[in-house]
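What follows is a single structure, written as structure tokens, with notes after it.
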Amino acid sequence: MKKESSFHSFEIEFAQAAKCLAHPARIQIITLLSKHKDRTCKEIVAELPLSQSTVSKHLKDLLEDHFICRKISGTQSLYTLEWNKVGRVFDLFERYQAKTMMNRPKRNCC
């Protein structure tokens with residue numbers, strides 16, 4: 001029996017979402033897309049202090065984890081935030097906070 005099989009689906013989903021959000025570039029891209037309906041890679045690069053190759057790599061990661069979607073418009077790809085996924089992630093963080101903080105002692109250990 002693998003140790004991974006002892007994890008609950010909540011823990012697995014929460015860890016995957018946290019892993020995707022664990023890079024500041026991806027946080028910047030999500031924040032930017034939350035302010036605009038859609039953006040091309042070139043437009044994202046123009047608004048962030050990141051190279052085109054860095055933005056492309058993080059867009060790929062966000063696409064794989066379904067934080068964003070891509071639609072083709074002519075010769076360009078437009079990236080849009082997947083609001084349902086973002087909402088789901090906030091729900092996961094709230095559930096985790098509720099589970100963890102209910103055990104918080106009145107004083108910190110240090």
Name all residues meeting the salt bridge (charged side-chain N to carboxylate O under 4.0 Å, His left out) criterion together with K57; count only those two or more places apart in sequence or in a different chain, and write none if there are none.
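K57 satisfies salt bridge (charged side-chain N to carboxylate O under 4.0 Å, His left out) with D61 only.
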Please answer: with hydrophobic residues joined when any side-chain heavy atoms are less than 4.5 Å apart, are F7 and V89 in the same cluster?
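Hydrophobic grouping puts F7 apart from V89.
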What residues, two or more places apart in sequence or in another chain, satisfy ring pair (Phe, Tyr, Trp, His ring centres under 6.0 Å) together with H36?
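Listed in chain order: nothing, the list is empty.
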F14: ring pair (Phe, Tyr, Trp, His ring centres under 6.0 Å) partners, not counting sequence neighbours
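Expected list: F10, F93, Y96.
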I need the [X] [atom1] to [Y] [atom2] distance, nearest 0.5 Å.
| X | Y | atom1 | atom2 | result |
| --- | --- | --- | --- | --- |
| C41 | L59 | SG | CG | 5.5 Å |
| R70 | K60 | CZ | NZ | 10.5 Å |
| I29 | S34 | CD1 | OG | 12.5 Å |

Identify every side-chain donor-acceptor pair in residues 44-55 under 3.5 Å, counting partners at least two apart or on other chains, and give the distances.
{"residue": "E47", "atom": "OE2", "partner": "R39", "partner atom": "NE", "Å": "3.1"}
{"residue": "S51", "atom": "OG", "partner": "S53", "partner atom": "OG", "Å": "3.2"}
{"residue": "S51", "atom": "OG", "partner": "T54", "partner atom": "N", "Å": "3.2"}
{"residue": "S51", "atom": "OG", "partner": "T54", "partner atom": "OG1", "Å": "2.9"}
{"residue": "Q52", "atom": "NE2", "partner": "S56", "partner atom": "OG", "Å": "2.6"}

Do the side chains of L92 and E13 get nearer than 4.5 Å, heavy atoms only?
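Side chain of E13 against side chain of L92, heavy atoms only: contact under 4.5 Å found.
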Using the ring-ring contact (aromatic ring centres under 6.0 Å, His included) rule, collect all pairs that involve residues 39-69, keeping only residues at least two apart or in two chains.
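Of all non-adjacent pairs touching residues 39-69, those that pass ring-ring contact (aromatic ring centres under 6.0 Å, His included) are H23-H58.
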Could you pull out every donor-acceptor pair under 3.5 Å between side chains of residues 76-86 and any protein atom, sequence neighbours left out?
{"residue": "K85", "atom": "NZ", "partner": "D65", "partner atom": "O", "Å": "3.4"}

Can you give me the closest heavy-atom contact between H8 and E11, atom names plus distance?
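Nearest pair, atom of H8 first, then E11: N-OE1, 2.8 Å.
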Step by step, would you call L21 with I30 a side-chain contact (heavy atoms from CB on, under 4.5 Å)?
CA-CA 9 Å; L21 295 174; I30 289 171; 3.5 Å; yes
